[in-house]
Protein chains: 2
Amino acid sequence: MVRRGRSERATLADVARVAGVSPTTASKVLNGRSDVGRSTRERVLSVMAELGYKPTAVRHERARGRALVTMLDFVESRYAGTVLQGILMAATSAQAELVLRLPPGEPISTTRTAARAWVDEQKESGVAGLVALAVAVPDAVLLAAEDLGMPVVTIDPIDTTESRVVSIGSTNWAGGRSATEHVIRLGHRRIAWIGGPPGSAPSAERFHGYQAALDSAGIAQDRALIRNEAFSVEAGLRHGRDVLALGERPTAIVAGNDEIAVGVLAAAKEAGVAVPGELSVTGFDDTPQTEWTTPRLTSVRQPLVGMGRMAVETVLAMADGVQPASRHLQLATTLSVRDSTGPAPSR
Amino acid sequence: MVRRGRSERATLADVARVAGVSPTTASKVLNGRSDVGRSTRERVLSVMAELGYKPTAVRHERARGRALVTMLDFVESRYAGTVLQGILMAATSAQAELVLRLPPGEPISTTRTAARAWVDEQKESGVAGLVALAVAVPDAVLLAAEDLGMPVVTIDPIDTTESRVVSIGSTNWAGGRSATEHVIRLGHRRIAWIGGPPGSAPSAERFHGYQAALDSAGIAQDRALIRNEAFSVEAGLRHGRDVLALGERPTAIVAGNDEIAVGVLAAAKEAGVAVPGELSVTGFDDTPQTEWTTPRLTSVRQPLVGMGRMAVETVLAMADGVQPASRHLQLATTLSVRDSTGPAPSR
DNA sequence: TGATAAATTCGAAAAAATTTCGGAGCCGGA
DNA sequence: TCCGGCTCCGAAATTTTTTCGAATTTATCA
C-alpha cells in the first residue's frame, strides 16, 4: 500500500518501515522529542536522508532557486546603486533570490563561534553565497564561510590585503594611468593629483596609475601637486583652490573621483581659470553628473554593472564547485573624453 | 467528544465548527491555501483569534525571521537608492530579511492563476509582505496578494488610481505648492512650470500644487509658461531655452525635478540670464547635485529614507494584522532654500 | 445570446503526522 | 526475589493536511 507508483514522495510511515520502527517513533525523531534512544534516532535520521524524506508540512523547499546574500553599507550612492543593479539583474537571470543585508554587527564580526553560527544560519536558510559590496568583511566571517564551504566574493573590498577572498574590482591602476596619459598626450606636463582618503585601496591604486604614467613619460613628481584627503566635493574645492594658488600652477588636474573633480571645477571657476582653456580636469567613475557639469567632465568609466554581474556569476559558479580562474578579477575601465580636457596652453 | 473539560486548547475542528465550515477549510485557511473564499477566510480567521487557537506544533520555526520582498525596476538612481536605504535600515532593525526582486514578468502579471501561484510561492518561502517601489504593480498580482492575505505597500506607484492598495508617497502637491509660494513670496508674478511626462502622477500632483499656489495668489496661468515633457536635463534645457526666448519672459521657473532644473540653469547660462538676479529656479527632489550647481539649487526635499522606512513598518504591521490608518500615506516635503532663488527683479 | 469551457470554492474521504498513554525491559536497592 | 523508578518504544486516538470530486460562478466563444 505504500510504494505505489503515484506517490513519489516518501512518507513518514515509509521511513518508519525502512528503519524498522513505528511511525510514532519516526515522528518523534522528526520533532526532536527526547524519548527516543540515541541509536534509534540515528537510524531513523539516516533513513530519512536516504529516502529524501521531506516533512510535508514544512514547505521550506529552497530547491526552487538559490539565494544569494549581498551585504552592503550604503545603497544611497550611485556607485552602490549601479553595482546593485548589475547584481540584481544577474541574480534574476540566474533565478536566484537576492537578499540584502547590512554587514553583521558586533558579536558576529569578532567572535569566531558567533561568526560560524551566523554563516551556518545563512546556509540553513538556503543561501548559496555571499557578495560583499565595498565593506570590510571581518576575518571571522570569512574564515567561517571558508570552513563551511560558502563562497564569498567581495567587490572593491576596503581591505585588499586579504588574498584568500575572491575579489572583484575594476582596474583602478589602469584607469588612473589612462586618465593621466590622456592629459599627457594633450601636452600637459605639470599635472596635479587630488585623490581620496589615504587609506582607501582604490584611491591608492588610481594614484599609482597616475605615478606610473608620469614616470613613463619622464615627468618628475612634484610633492606640492599631490593631495589625498577625501572623496568629496568639499575636499576637491579646497585642494583645487590650494593648487591653483601655487606660484607655478598645474595645467591639468587628475581627480580621484567625480566629486573631487566637481569641486575642482568650482575652484577653477572661482579663480577665474578657464576649463579646458587654461586647465584640464579629469574625474573618475563617470557618474551622470559628468554630463551636466560645465564643461562636461572627462572621466574614467568603471564597469559597475558588469562588476555586479560578474560577482554574482562568480559566486554561483563557486557554489557549483567551480573555482574562479583568479582570486582577484579586474574589469577594464574606459576613458570617457568630454569637454573638460584640452590641449595644454602654450606659453 | 470535543468540549472535554481537560482539553483546554481549541482544536482546528472546534474552530471549524464555530465558524460553520469543515475542518478541511479551516486547515486551508491556516495554511494560506488559495482555494478559500475571501469571506470564509475572514470568518475563520476571526474565530481563530476569538478562540485563541494555536497551531499545536508551532509549525517548524518560521519564527526565525520574517522576510520582505521589495520589487523595483532600477536601483541605479539616487531616488531608488535612497528609498532602498530606508527600506534596508528599517528591515534590519525589524529583523526581517530583505529580498530584492525585479517585478514579475509576462505570464505572472497577466494571468490570474499565474499571479496567484507566484504569490503563493512567495508566501511559502516565508515572505511576509511586498513593497513595490515606483513600479506599476499589475492588477493580477495585487488581487492575488490581497486574496491570500499578503500585505502589499507601494511607494510612489506609477498608477495611483488603484485605491485598494496601500501606497506611500510624499506630498507632491504640497511640495509643488511650497516651491511656488516661495518664489511668489519673493515677489515673482510671472512663473513658469516645466514638469515631467504628462502621464506621471507625481509630476501631475506637483503641477497641481503649482497651480494652486498661483490661484491663491490671484495670478493668472499662462499657457505659454507651462510645459510637461520628461524628467531629464535635455528636456529642461530645451524648454528652458524656449521659455526664456519668449517676448515677456518669466522671472521664475519651477521645475518638476532637479534634472529639469539643471537643464534650465544651463539654458539660462546660455542665454546670459543671471540666476538668481534675473531668474529664480527651483528643483524638486533635493538630490546631492543641488549642492554643486552654480548657483546652488533651491529644491523640494522628499523624505526618501523616511518613505522606505514607513513602507517597511507598514507592511510588517499589516502582516501582523494591523490595518493602516489610511490607505494612502503621505510624508511631508520640506523646501531647501539655496542660492538659485532671489527677489524678483524690479523693473 | 446561449452554450461551452474554465475557474473558484467548498467538503467528504483518505492520508499523514502527532499526541496520549500504557507497557516492556532494565537497572539498583531492599 | 520483588519493587519502584526509569528509559524507550508503539498502538490507538487525535489532530491536521491532502486529494479529489461536486456545485457554483465566471469567462469565452460561436
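Proteins come first, then strands; the chains are lettered A, B, ... in the order of their sequence lines, and each starts at number 1.
- Rounded to an integer number of Å, the gap from Asp14(A) CG to dA15(C) P is 13 Å.
- Rounded to a whole Å, the NZ atom of Lys28(B) is 17 Å from the P atom of dA16(C).
- A distance-only check finds no donor-acceptor pair linking the side chain of Ser203(B) to the backbone of Ser200(B) [under 3.5 Å].
- Minimum atom distance to the side chain of Ser22(A) is reached by dG10(D), of the listed dG11(C), dG10(D), dT19(C).
- Here the rule is side chain to side chain contact (heavy atoms under 4.5 Å, CB included) with Gln302(B), and of Val83(B), Asp156(B), Thr82(B) only Asp156(B) fits it.
- With hydrogens and angles ignored, the 3.5 Å screen pairs no side-chain donor or acceptor of Thr171(B) with any backbone N or O of Trp173(B).
- Thr25(A) places no side-chain N or O within 3.5 Å of a backbone atom of Val21(A) that could act as its donor or acceptor partner.
- With distances taken from any side-chain atom of Thr25(A) to the nucleotides dG10(D), dT16(D), dA17(C), the minimum falls on dG10(D).
- Per the geometry, CG belonging to Leu12(A) stands 15 Å off C1' belonging to dT18(D), to the nearest Å.
- Between Ala26(A) and Asp35(A), it is Ala26(A) whose nearest contact on DNA chain C lies nearer the 5' terminus.
- Of all nucleotides listed (dG10(D), dA12(C), dT19(C)), dA12(C) comes nearest to the side chain of Thr24(B).
- Terminal axes of the helix from dT1(C)-dA30(D) to dA30(C)-dT1(D) (five pairs each, C1' rotation axis) are separated by 10°, to the nearest 10°.
- Listed pair Ser27(A) / dT18(C) meets the phosphate criterion, a side-chain N or O lying under 4.0 Å from OP1 or OP2.
- Defined by atom type and a distance below 3.5 Å, a donor-acceptor pair is missing between the side-chain atoms of Ser27(B) and Thr24(B).
- In terms of modelled atom types and a separation under 3.5 Å, the side chain of Thr314(B) and the main chain of Met310(B) share a donor-acceptor contact.
- Side-chain proximity of Thr40(B) to dA17(C), dT20(C), dC10(C): nearest is dC10(C).
- Comparing dC10(C), dC9(D), dA17(C) by their closest approach to the side chain of Thr11(A) singles out dA17(C).
- In this structure, CZ of Arg41(A) is placed 14 Å from P of dT7(D), rounded to the nearest angstrom.
- Remark: the backbone N or O of Gly256(B) is paired with a side-chain donor or acceptor of Arg206(B) at under 3.5 angstrom.
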